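Accompanying notes for the structure given below.
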Amino acid sequence: MEKITTYTATGGKLEKEEESIYQVAQLISMATGKDPDAAQALALECEKEGKRLIFAYPPFEADSAGWEELGEIPDGMLYLG
């Protein structure tokens, strides 16, 4: 399985992680309503262009200024930063 870089907002910091492209695409699809192929294309585009897919979960406070809100995911929000 192909892996891509994602970030998790925790304790005011971004923690870098490697995730399965398929799992990330599923969360993007959930957050945006895009079909799975379009969600996977967005994930790959972000990886190629160096954009950050940021998963933020309460109760962690994250300064999301400058991030584009993509939508809700289970227990949190997905941003593009």
Side-chain angles (χ1 to χ4, degrees):
M1 254 192 260
E2 189 174 345
K3 302 271 184 173
I4 65 168
T5 303
T6 62
Y7 296 83
T8 301
T10 59
K13 298 184 295 185
L14 291 180
E15 301 213 3
K16 189 175 183 178
E17 300 181 35
E18 294 290 317
E19 299 286 340
S20 157
I21 182 71
Y22 303 109
Q23 291 172 330
V24 172
Q26 188 175 32
L27 289 170
I28 291 171
S29 183
M30 238 183 268
T32 64
K34 292 180 183 284
D35 68 67
D37 290 333
Q40 184 170 336
L42 176 60
L44 291 171
E45 177 185 328
C46 290
E47 182 79 0
K48 181 180 175 184
E49 295 180 6
K51 296 177 182 176
R52 293 179 175 179
L53 288 167
I54 304 164
F55 298 92
Y57 300 96
F60 301 111
E61 293 298 318
D63 179 8
S64 60
W67 299 350
E68 178 185 344
E69 185 178 296
L70 295 182
E72 291 184 30
I73 55 173
D75 300 325
M77 295 292 293
L78 175 60
Y79 296 93
L80 180 63

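In this text, all values refer to a predicted model and were calculated from it rather than measured experimentally.
Scanning for side chain to side chain contact (heavy atoms under 4.5 Å, CB included) contacts around Gln40 gives Ile21, Tyr22, Ala25, Leu44, with sequence neighbours left out. Residues that satisfy the side chain to side chain contact (heavy atoms under 4.5 Å, CB included) test with Glu72, not counting sequence neighbours, are Met77. Every residue two or more places apart in sequence or in another chain was checked for a ring pair (Phe, Tyr, Trp, His ring centres under 6.0 Å) with Tyr7, and none qualifies.
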Q) Given Thr8 and Ile54, is the side chain to side chain contact (heavy atoms under 4.5 Å, CB included) satisfied, shown in steps? A) CA-CA 6 Å; Thr8 301; Ile54 304 164; over 6 Å; no
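Across every non-hydrogen atom of Leu27 and Pro74, the tightest pair is CD2-CD, 4.0 Å. Considering all non-hydrogen atoms of both residues, Leu78 and Phe55 come closest at CD1-CE2, 3.5 Å. Taking every heavy atom of both residues into account, Trp67 and Gly81 meet most closely at CD1-CA, 3.9 Å.
Between Leu70 and Glu68 there is a side-chain heavy-atom pair separated by less than 4.5 Å. A 4.5 Å side-chain heavy-atom check between Ile4 and Leu53 finds at least one atom pair inside the cut-off. At least one side-chain heavy atom of Glu18 sits under 4.5 Å from a side-chain heavy atom of Thr5.
Ser29 contributes no side-chain N or O that, together with a main-chain N or O of Asp35, makes up a donor-acceptor pair within less than 3.5 Å.
Atom OG1 of Thr6 sits about 10.5 Å away from atom CG of Leu14, to the nearest 0.5 Å. Note that CD of Glu47 is 12.0 Å distant from NZ of Lys3, once rounded to the nearest 0.5 Å.
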